2 protein chains.
Amino acid sequence: MPRRTSAKPPKRKRPNSYHHGDLKAALVACATDILRKAGPSALTLRAVARAAGVSEAAPYRHFADRRELVAAVAEAGFERLGQAMGAAMQQGSRGGLRAVAEAYVRFAHENEAEYRVMFGPEVANTAHLPALRETARSVLAFVAQGIGKLQQAGLVGPGDPGLMAVVTWAQLHGLVMLSLDGQSTKVAPSIEAQVQEATRIMMFGMAAR
Amino acid sequence: MPRRTSAKPPKRKRPNSYHHGDLKAALVACATDILRKAGPSALTLRAVARAAGVSEAAPYRHFADRRELVAAVAEAGFERLGQAMGAAMQQGSRGGLRAVAEAYVRFAHENEAEYRVMFGPEVANTAHLPALRETARSVLAFVAQGIGKLQQAGLVGPGDPGLMAVVTWAQLHGLVMLSLDGQSTKVAPSIEAQVQEATRIMMFGMAAR
DNA sequence: CTTGCGGTGTTAACGGTGTCAACACTAAGT
DNA sequence: ACTTAGTGTTGACACCGTTAACACCGCAAG
């Protein structure tokens, strides 16, 4: 194949404009799209710029480096995750935790590449990414709040809801990771069975303080 | 260079030779070393080759691509993890699960970069890496075996040990990941407290079938 | 209206990386 | 001694992250 340096007419959202209008958001959207369709290895700064119909150095006007772009993608993912969990929360009080757990697992499986990026090594150092850290923490606070409600309803024994939330989140996250890696499918029948078993164990353990 | 013809070359390292002797193992060792000292972003095929004192294309005689090298590093990590868990198993029967859990968490924290690679997206598709898959599965089998012993001792209720092992591993893995990402430090005081809380919940839940 | 200026997009380049083909050297078997 | 397979080397290609220098747009000040 010949070199790809041939001229490609840039498609602009505002035809008569040299400037893009909202490149930053467009870049995040294109990056998420690429991530979904072609996997993490294709998530390249240059590819994102090309997908946005812009020169390959343009992203540097909005992101200091590649990490910041990836972090923005991860942050958007956390927000969508929070929305999915919030929607599942309305399902009722008894199976509330169960419904949220299933929503979490479903999100992870339906958005595998995004989920991997959210917890991947590229955004590992959340100390330097305050926005990401805050978004992720709000998810944790959400779980803690749900556990608090279960405690008031007498379905969960006393104890620090924050600690229980961490343990609960960890359980789900670990389950999802092992499932995504194909490490658990041959031993345990299905992800649903694993979630069921996990929530059962968690509920028993948390009620038994 | 010098013509040194040694008497019996037993496939071991021979410094004064055009051929390396055991480049594959040396490459994995150098890669692990680089990973520990400089982090995942420095784990580059070329850098590994340079560290091994060999040309930058030499690794392709032993690994099809970069993924295979990384997978080999991950496999070595799983083996060391298994050894650490096995050593902790000898500590006694009552707190056996607890001791293994602590060994697991300690390994992850003392070998953060390695641990991240073991579960990272670069080796995600274990379906194409049978050796890695098998090594990881033996760790799971090890946990399942320990749970079986606890069942015989009456410390854990009846149920599929394989399923329980998956749930247990997932709990530990999730805890470790959140801790490594700095997502849990501000909510739960210490990783020890989290392990304690997690094992307490797990033991209660598993005993209560 | 002209002029200047800051924000944004472009071009061109640098060094580094994964990968491959062609070549070179060595060990070992015939 | 000749061949051959295995292993290391050289050189090249395309791509990537990043930066500097430049070009264009919109807008405010004069």
Side-chain angles (χ1 to χ4, degrees), chain A residues 1-27 30-31 34-35 38-73 122-123, chain B residues 1-28 30-31 34-35 38-73 121-123:
Chain A
M1 296 300 274
R3 252 168 90 74
R4 192 156 359 145
T5 50
S6 62
K8 183 175 66 171
K11 50 174 182 184
R12 303 207 167 106
K13 299 208 154 99
R14 297 192 320 190
N16 269 348
S17 174
Y18 177 83
H19 293 304
H20 184 284
D22 192 4
L23 220 205
K24 186 163 184 172
L27 287 172
C30 287
I34 289 175
L35 185 58
S41 65
L43 185 54
T44 245
L45 204 55
R46 296 175 105 116
V48 171
R50 287 191 297 260
V54 100
S55 88
E56 296 181 331
Y60 283 90
R61 295 287 167 212
H62 301 272
F63 300 96
D65 44 5
R66 199 192 104 106
R67 265 174 73 100
E68 271 196 11
L69 206 220
V70 175
V73 171
E122 303 186 301
V123 294
Chain B
M1 309 325 272
R3 222 59 208 300
R4 271 176 21 83
T5 59
S6 72
K8 178 92 156 72
K11 265 181 94 172
R12 241 24 209 143
K13 268 177 113 175
R14 275 160 311 156
N16 280 348
S17 173
Y18 179 85
H19 291 305
H20 185 284
D22 193 3
L23 221 206
K24 186 163 185 172
L27 287 172
V28 175
C30 287
I34 289 175
L35 184 58
S41 64
L43 185 53
T44 251
L45 203 56
R46 295 175 106 115
V48 171
R50 287 192 296 262
V54 101
S55 87
E56 297 181 330
Y60 283 89
R61 294 287 167 214
H62 301 273
F63 300 96
D65 46 9
R66 198 194 106 106
R67 266 175 73 101
E68 272 196 8
L69 208 218
V70 175
V73 171
E122 303 185 300
V123 294

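Given the structure is predicted, the values throughout are model-derived calculations rather than measurements. Excluded from the calculations below are hydrogen atoms, water molecules and symmetry mates; all remaining heavy atoms, backbone and side chain alike, are included. Just so it is clear: chains get the letters A, B, ... in the order the sequence lines come, proteins before strands, and each one is counted from 1.
An end-to-end axis angle of 10° holds for the helix from C:dC1-D:dG30 to C:dT30-D:dA1, taken from five base pairs per end and rounded to 10°.
The CG atom of B:L69 sits 14 Å away from the P atom of C:dT17 (whole-angstrom rounding). In this structure, A:Y60 places its OH atom 17 Å from P of C:dT8, rounding to the nearest Å. Put simply, CZ on B:R66 is 10 Å from C1' on C:dT17, counting in whole angstrom units. The CG-C1' distance, from A:L27 to C:dT8, rounds to 12 Å in whole Å. What separates CG of B:D65 from C1' of C:dG18 is a distance of 9 Å, to the nearest Å. One can place NE2 of A:H62 at 10 Å from P of C:dT10, the figure rounded to the nearest angstrom. Distance A:E122 CD to D:dC16 C1': 13 Å, rounded to the nearest Å. Taking atom CZ of residue B:F63 and atom C1' of nucleotide D:dG8, one finds them 15 Å apart after rounding to whole Å.
At a threshold of 4.0 angstrom between heavy atoms, the contacts of B:R50 are confined to the sugar-phosphate backbone, with no base atom among them.
For B:R46 against C:dG16, no side-chain N or O and base N or O form a donor-acceptor pair under 3.5 Å. Counting atom types as modelled, A:R61 pairs a side-chain N or O with a base atom of C:dG9 as donor and acceptor under 3.5 Å.
Residues B:E68 and B:F63 share a closest heavy-atom pair of OE1-CA, 3.5 Å. Scanning both residues, B:V70 and B:E122, for their nearest heavy atoms gives CG1-OE1, 3.9 Å. Annotation for A:P40 and A:L35: closest pair CA-CD1, 3.7 Å, computed over non-hydrogen atoms. Residues A:A58 and A:L23 come closest through the heavy atom pair CB-CD1, 4.2 Å.
Taking only side-chain atoms of A:L45, from C-beta outward, the nucleotide of D:dT18, C:dG18, C:dG9 with the closest atom is D:dT18. Across D:dG17, D:dT9, C:dT10, the shortest atom-to-atom separation from the side chain of B:A58 is found for D:dT9. With D:dT19, C:dT17, D:dG8 as the candidates, the nucleotide lying closest to the side chain of B:T44 is C:dT17. Comparing C:dC20, C:dG9, C:dT19 by their nearest atom to the side chain of A:V54 picks out C:dG9.
Heavy-atom distances to DNA chain D give each of A:A42 and A:A64 a nearest nucleotide, and the one nearer the 5′ end belongs to A:A42.
Atom CG of B:L27 sits about 13.0 Å away from atom CZ of B:R61, to the nearest 0.5 Å. With values rounded to the nearest 0.5 angstrom, A:L43 atom CG is found 7.0 Å from A:L69 atom CG. Taking CZ of B:R50 as the reference point, atom CD of B:E56 lies at 5.0 Å (rounded to 0.5 Å).
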